Structures are given as C-alpha cells and as structure tokens.
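All values below come from the heavy atoms of this structure, side chains included, with hydrogens, waters and symmetry mates left out. If you're wondering where the values come from, they're calculated on a predicted model, not measured in any experiment.
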Amino acid sequence: MIEVVGLGPGHEDYILPIAIKKIQDADLVIGARRNLDTIASWTKTTLVYDGNLDEIANILKDRFGEKIVVAVSGDAAFYSLLNFVKRHVPAEGVASVPGISSLQYLYNRLGLSYANSYWISCHGRSGDIGQHIGRYKTIGILTDRKMTPAVIARQLIEDGISNLKCHIGEHLSYDDEKVSTLSLNETSQYSADPLCVVILEHEMEV
C-alpha cells in the first residue's frame with residue numbers, strides 16, 4: 001500500500017497522530033528534505049524528493065507491495081503528489097491521510113471563515129485570479145517562486161482592482177512565523193518568502 005500523508009503546515013505539533021503512525025510503520029518514506037527533517041525521529045528509511053519524478057515513479061512501481069509513505073506538506077488531497085502517485089500505480093493500492101493545510105492554518109490564525117471562499121494553487125501554474133474577485137469574500141492562494149504575492153498584486157492592479165486586503169503568511173506554524181496584512185499597493189512591493197500563503201479579502205457581505 002502506498003499512502004500519501006499530509007504533514008500539515010510545517011511544525012510537528014500540527015501533524016495528526018494517524019500520520020505519525022503511518023510514517024512509523026512505513027518501509028520507506030519519500031518526501032522533500034524539509035519534510036523529512038521534520039519527521040526524522042519517526043523513520044529511518046527515507047528518499048528525498050527534489051523534482052526527480054521519474055526516479056520516484058520507478059520506485060513506487062518496483063516496491064508497490066511494500067508499505068510506502070509519500071509525505072507531503074499540508075493536506076494530502078489539496079494540490080499534492082496524490083494524483084501523480086495514482087497515475088503510476090494501481091489506484092486501488094493508493095490511500096491518502098489528511099493533514100492541516102497552510103490555508104486552513106492561516107484562515108484560523110486570522111479568525112476568517114471559509115464561507116464564500118475560493119482556494120487555488122499557483123505552484124507551477126498561473127491563473128486568472130482577477131476573474132474570481134467580487135464573486136467570493138476571500139480567495140486563498142498557495143504561491144510559488146514565480147507567482148509571488150507581489151506579482152499577484154501587480155496583476156490585480158493592472159486589472160483595475162484595488163479594494164482588497166492582502167494577508168500574507170510566511171513560515172506558518174514555525175517560531176519565525178510572520179503574518180502581514182497589506183493593501184494591494186503595499187503587497188506589489190513586498191518581498192515574501194518563496195513558498196508562502198496569501199488570502200485576498202474582499203469587503204463584501206457573506
């Protein structure tokens with residue numbers, strides 16, 4: 001069985017007990033270096049994922065009968081490696097274990113409701129975020145090194161949008177966590193951590 005296990009926003013305090021159990025029972029744990037560092041005390045046999053997708057796919061196929069955990073950030077069902085795993089091995093041999101997503105964390109940190117919200121990932125992709133403005137109270141965004149908060153803000157400003165609060169969460173759940181609430185103009189000049197979370201808040205009735 002291959003299980004894609006969500007590790008939450010980062011700090012081990014936010015990893016669910018069932019996820020820890022799955023990791024401890026696994027014959028092999030695959031994950032990004034920062035994720036493996038977090039769970040190092042719970043497992044000994046690991047493989048670092050650093051974009052080597054072909055290698056990972058071959059290992060999943062060759063060791064399909066073993067207990068393998070693919071450890072991912074956040075929630076296993078939200079823009080993770082789950083679909084990648086299911087494309088390379090029989091889907092009936094794949095399961096996922098939920099985790100707390102960074103967006104869940106930031107919404108709760110800010111005391112915001114999920115009601116009338118839209119969530120999107122810009123990891124390795126771009127999207128027309130402006131089309132969703134006015135339709136939702138909040139838009140939660142996973143950013144990356146190209147689609148940074150500053151780039152997103154500039155695109156929205158170019159679209160003639162201005163009346164938004166921009167909440168930026170960096171290093172969420174860690175000791176050096178930073179949460180900023182800025183205007184779009186301020187965000188367009190803001191240098192954020194490459195992998196951060198953004199919530200755009202529209203002043204509208206829910």
Side-chain angles (χ1 to χ4, degrees), residues 4-20 35 38 72-83 96-144 147-206:
V4 182
V5 176
L7 299 183
H11 196 283
E12 66 180 57
D13 286 353
Y14 289 90
I15 300 177
L16 298 179
I18 184 63
I20 296 173
N35 290 334
T38 300
V72 297
S73 299
D75 180 57
F78 187 61
Y79 291 103
S80 78
L81 290 173
L82 179 59
N83 287 338
S96 61
V97 176
I100 299 170
S101 76
S102 53
L103 281 174
Q104 284 179 282
Y105 180 96
L106 186 56
Y107 268 77
N108 281 276
R109 173 77 163 70
L110 294 167
L112 293 175
S113 170
Y114 304 147
N116 199 11
S117 66
Y118 179 80
W119 293 4
I120 186 172
S121 172
C122 289
H123 286 183
R125 59 177 66 83
S126 59
D128 184 3
I129 297 169
Q131 67 177 315
H132 305 296
I133 303 298
R135 298 171 58 191
Y136 300 94
K137 171 70 174 176
T138 60
I139 299 174
I141 308 167
L142 304 181
T143 70
D144 70 3
M147 287 294 288
T148 65
V151 169
I152 291 168
R154 290 170 197 151
Q155 289 182 353
L156 292 173
I157 292 170
E158 289 175 3
D159 290 341
I161 297 167
S162 59
N163 59 334
L164 295 175
K165 291 180 183 177
C166 187
H167 306 288
I168 304 171
E170 303 169 84
H171 304 164
L172 293 178
S173 78
Y174 291 106
D175 292 339
D176 59 346
E177 172 180 289
K178 182 179 180 181
V179 177
S180 309
T181 297
L182 307 172
S183 68
L184 275 186
N185 282 331
E186 291 170 330
T187 303
S188 70
Q189 303 301 316
Y190 185 78
S191 179
D193 186 80
L195 296 176
C196 66
V197 179
V198 170
I199 298 175
L200 301 176
E201 184 178 6
H202 195 288
E203 296 298 334
M204 63 185 294
E205 296 296 327
V206 177

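Evaluation of the side chain to side chain contact (heavy atoms under 4.5 Å, CB included) rule for Leu16 yields Ile18 as partners, not counting sequence neighbours.
Rounded to the nearest 0.5 Å, atoms NE2 (His167) and CG (Leu200) are 8.5 Å apart. Here the CD1-CZ distance, from Ile199 to Arg109, works out to 11.0 Å after rounding to the nearest 0.5 Å. We find the CG-CG distance between Leu156 and Asn163 to be 10.5 Å, quoted to the nearest 0.5 Å. In this structure, OG in Ser96 is found 10.0 Å from CG in Asn83, a value given to the nearest 0.5 Å. For the atom pair CD1 of Ile157 and CD1 of Ile161, the computed distance is 10.0 Å after rounding to the nearest 0.5 Å. Atoms CD1 and CD1, from Ile139 and Ile129 in turn, are 7.0 Å apart once rounded to the nearest 0.5 Å.
Counting only distance, with no hydrogens or angles, the side chain of Ser173 and the backbone of His11 share a donor-acceptor pair below 3.5 Å. A distance-only check finds no donor-acceptor pair linking the side chain of Lys137 to the backbone of Glu201 [under 3.5 Å]. Here the side chain of Asp75 pairs a donor or acceptor atom with the backbone of Gly99 at under 3.5 angstrom.
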Run the side chain to side chain contact (heavy atoms under 4.5 Å, CB included) check on Asn108 and Ile100 step by step: do they pass? CA-CA 11 Å; Asn108 281 276; Ile100 299 170; over 6 Å; no
Gln189 vs Asn185, test: side chain to side chain contact (heavy atoms under 4.5 Å, CB included). Steps then yes/no. CA-CA 7 Å; Gln189 303 301 316; Asn185 282 331; over 6 Å; no
Walk me through it: do Thr38 and Leu7 pass the test side chain to side chain contact (heavy atoms under 4.5 Å, CB included)? CA-CA 9 Å; Thr38 300; Leu7 299 183; 5.5 Å; no
Residues Ser117, Leu112; criterion side chain to side chain contact (heavy atoms under 4.5 Å, CB included); working and verdict: CA-CA 10 Å; Ser117 66; Leu112 293 175; over 6 Å; no
Check the pair Tyr105, Glu177 against side-chain hydrogen bond (donor to acceptor under 3.5 Å, both in side chains), reporting the backbone distance first and the verdict last. CA-CA 12 Å; Tyr105 180 96; Glu177 172 180 289; 2.5 Å; yes
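For the pair Leu82 and Ala77, the tightest heavy-atom approach, listed with the atom from each and the gap, is CD2-CA, 4.4 Å. In terms of heavy atoms, Pro9 sits closest to Tyr174 at O-CE1, 4.4 Å. For the residue pair Glu170 and Asp193, the shortest heavy atom distance occurs at OE1-N, 2.8 Å. Residues Asp144 and Cys122 approach most closely at OD2-O, 2.9 Å, considering heavy atoms. The minimum heavy-atom distance between Ser80 and Val4, with the atom names listed, is OG-CG1, 4.1 Å. Closest heavy-atom contact between Leu184 and Ser162: CD1-CA, 4.0 Å.
Looking at heavy atoms from C-beta onward, Val198 lies out of side-chain contact with Thr187 at the 4.5 angstrom threshold.
The residue from Leu103, Thr143, Leu142 that alone fulfils the side-chain contact (heavy atoms from CB on, under 4.5 Å) condition with Ser121 is Leu142.
Taking the six-membered ring where the residue is Trp, Trp119 and Tyr107 present tilted rings, their angle falling between 30° and 60°.
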